[in-house]
Amino acid sequence: MESSKILSDISIKHLNFDSIDLKKSKLCIFISDYILAYAVCDMQDCVQRLKSYPLYGSSYLHDFGKLKDILDKDELLSSAYRFDDVSIALSGLLNTFVPHEFFDGSDLRQYFDFNLAPQHNVQLRCDEIRGFDYFNIYAIDHALTEVLDRSFEDYTLKHAQSVLLSSVLKDYLQPSARFSSRLIIHRESNHLDIFWLQAGKLQFINRFVYQSAEDFLYYVLSVIFGKRPSRYTYCPEMALIPQQKFYNLFSV
């Protein structure tokens, strides 16, 4: 593919990937501003292949020509209809969370416009975050939806934060006997997502855009040591951070 450079292409060595029945496999695709990556898994969620395409100076979420080029020419993505299951996670889309008790699915626009600037030429979707009792409402460009619909006959689409929260729920819902509070940080090339769980309940979630390591540390430390209700406590090990040298840089 001349117009798209491959960042990585990994196949499991002890498996003959060419012999895998794709009709019994899952295709999981992750699309953000700067990268398109996918994994092929068997029905037991064992990864068989990983591949990724970086994008410099543009955005997959806005440069639909670049996205379409990869979907058309990649050997597996262009045959996506052969997979038993196709799921797509989109990162970087504007979104807002609504508690289950306040949610009415008949009018997503009122929730979205209340928290974010009105968006035009977009389709509003929502993901239910089961276990956390939240709905994630997000906007996707109609043109992006058309590219995906043309490439895949049947697929599941979710916001990347919904996928992250589902993973967090699976791994961290039952707090250990030692720690009743957890802070989870997910980093991408230009932003980070911070989740705070207290006794298995979601207390805080936010996305921060950063341009340097200093930005990254600033946002993380601001969340950890920012103003919060006295009845809540963060992870005990976080109390050690002020003793570290780098923290003093932010205390001057």
Side-chain angles (χ1 to χ4, degrees), residues 3-4 27-38 52-72 74 77 80-81 85-130 132-167 186-195 202 204-211:
S3 60
S4 303
L27 175 64
C28 304
I29 304 172
F30 174 82
I31 304 174
S32 70
D33 282 319
Y34 305 111
I35 196 167
L36 183 154
Y38 68 82
S52 59
Y53 295 92
L55 184 63
Y56 305 103
S58 187
S59 166
Y60 282 122
L61 299 178
H62 299 94
D63 189 342
F64 306 120
K66 291 284 188 181
L67 177 61
K68 181 177 179 296
D69 184 59
I70 292 178
L71 295 178
D72 286 344
D74 183 275
L77 297 180
Y81 65 90
D85 181 86
V86 177
S87 59
I88 303 173
L90 299 176
S91 178
L93 302 180
L94 290 175
N95 67 307
T96 186
F97 287 85
V98 178
H100 187 275
E101 58 266 32
F102 300 118
F103 180 78
D104 179 1
S106 63
D107 189 3
L108 300 180
R109 175 67 63 178
Q110 64 174 332
Y111 301 110
F112 190 88
D113 290 350
F114 180 79
N115 289 321
L116 300 164
Q119 301 293 306
H120 305 287
N121 299 319
V122 297
Q123 176 186 6
L124 294 182
R125 293 181 176 235
C126 72
D127 302 328
E128 182 179 4
I129 315 299
R130 296 181 179 179
F132 283 133
D133 296 328
Y134 276 90
F135 285 89
N136 184 5
I137 302 173
Y138 55 97
I140 177 173
D141 194 295
H142 282 298
L144 177 56
T145 303
E146 291 174 2
V147 171
L148 297 177
D149 288 344
R150 188 191 59 79
S151 300
F152 307 109
E153 292 184 356
D154 187 26
Y155 64 94
T156 300
L157 180 67
K158 288 188 176 183
H159 193 282
Q161 281 190 337
S162 300
V163 178
L164 281 171
L165 278 173
S166 297
S167 178
H186 171 78
R187 184 187 71 86
E188 291 190 34
S189 59
N190 70 332
H191 68 263
L192 66 151
D193 296 300
I194 300 181
F195 307 88
L202 181 64
F204 176 89
I205 177 174
N206 208 348
R207 169 165 292 185
F208 303 91
V209 177
Y210 69 92
Q211 297 179 342

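Index from 1, following the sequence.
- Contact check for V163 versus F30: no side-chain heavy atoms found under the 4.5 Å cut-off.
- Other residues, nucleotides and ligands contribute at most 12 non-hydrogen atoms within 6.0 Å of the OH atom of Y34.
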Next item on the list: Take Y53 and Y60 through the test side chain to side chain contact (heavy atoms under 4.5 Å, CB included) and record every step on the way to the result.
Entry: CA-CA 10 Å; Y53 295 92; Y60 282 122; 3.5 Å; yes
Checklist line | Full working for side chain to side chain contact (heavy atoms under 4.5 Å, CB included) between Q110 and I137 | finding: CA-CA 11 Å; Q110 64 174 332; I137 302 173; over 6 Å; no
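- Contact of the L108 side chain with the F135 side chain is not registered, since no non-hydrogen atoms from C-beta on lie closer than 4.5 Å.
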I'd like a table of donor-acceptor pairs (distance under 3.5 Å, sequence neighbours excluded) in which one partner is a side-chain atom from residues 91-103, with atom names and distances.
| residue | atom | partner | partner atom | Å |
| --- | --- | --- | --- | --- |
| S91 | OG | E188 | OE1 | 3.3 |
| S91 | OG | E188 | OE2 | 2.9 |
| N95 | ND2 | N136 | OD1 | 3.1 |
| N95 | ND2 | Q161 | OE1 | 2.8 |
| T96 | OG1 | N115 | ND2 | 2.8 |

Check: Passes side chain to side chain contact (heavy atoms under 4.5 Å, CB included), L90 versus Y138? Steps please.
Finding: CA-CA 10 Å; L90 299 176; Y138 55 97; 5.6 Å; no
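- Note: D33 CG to I31 CD1 = 11.0 Å, rounded to the nearest 0.5 Å.
- Within the 4.5 Å cutoff, side-chain heavy atoms of L36 are placed close to those of L77.
- Checking side-chain atoms of H142 against main-chain N and O of V122 turns up a donor-acceptor pair under 3.5 Å.
- The side-chain hydrogen bond (donor to acceptor under 3.5 Å, both in side chains) search around D149 returns Y155, not counting sequence neighbours.
- One finds the CD atom of Q123 at 8.5 Å from the CG atom of L157 (value rounded to the nearest 0.5 Å).
- Looking only at side-chain heavy atoms (C-beta outward), I88 and I29 come within less than 4.5 Å of each other.
- Here the CG atom belonging to N121 is positioned 13.0 Å from the CG atom belonging to L144, to the nearest 0.5 angstrom.
- From Y210, atom OH reaches atom NE2 of H191 across 8.5 Å, with rounding to the nearest 0.5 Å.
- Side-chain atoms of I140 and H159, non-hydrogen and from C-beta on, never get closer than 4.5 Å to each other.
- Between L165 and I205, the closest side-chain pair of non-hydrogen atoms falls below 4.5 Å.
- In the displayed structure, R150 atom CZ is contacted under 6.0 Å by more than 12 heavy atoms of other residues, nucleotides or ligands.
- In this structure, the side chain of S166 engages the main chain of S162 through a donor-acceptor pair within 3.5 Å.
- Heavy atoms only, all atoms of each residue included: L202 and F204 are closest at CD1-O, 3.6 Å.
- Within the structure, the salt bridge (Lys or Arg N to Asp or Glu O under 4.0 Å) test picks out the following pairs touching residues 103-121 (sequence neighbours left out): R109-D113.
- A 4.5 Å side-chain heavy-atom check between D141 and L61 finds every atom pair outside the cut-off.
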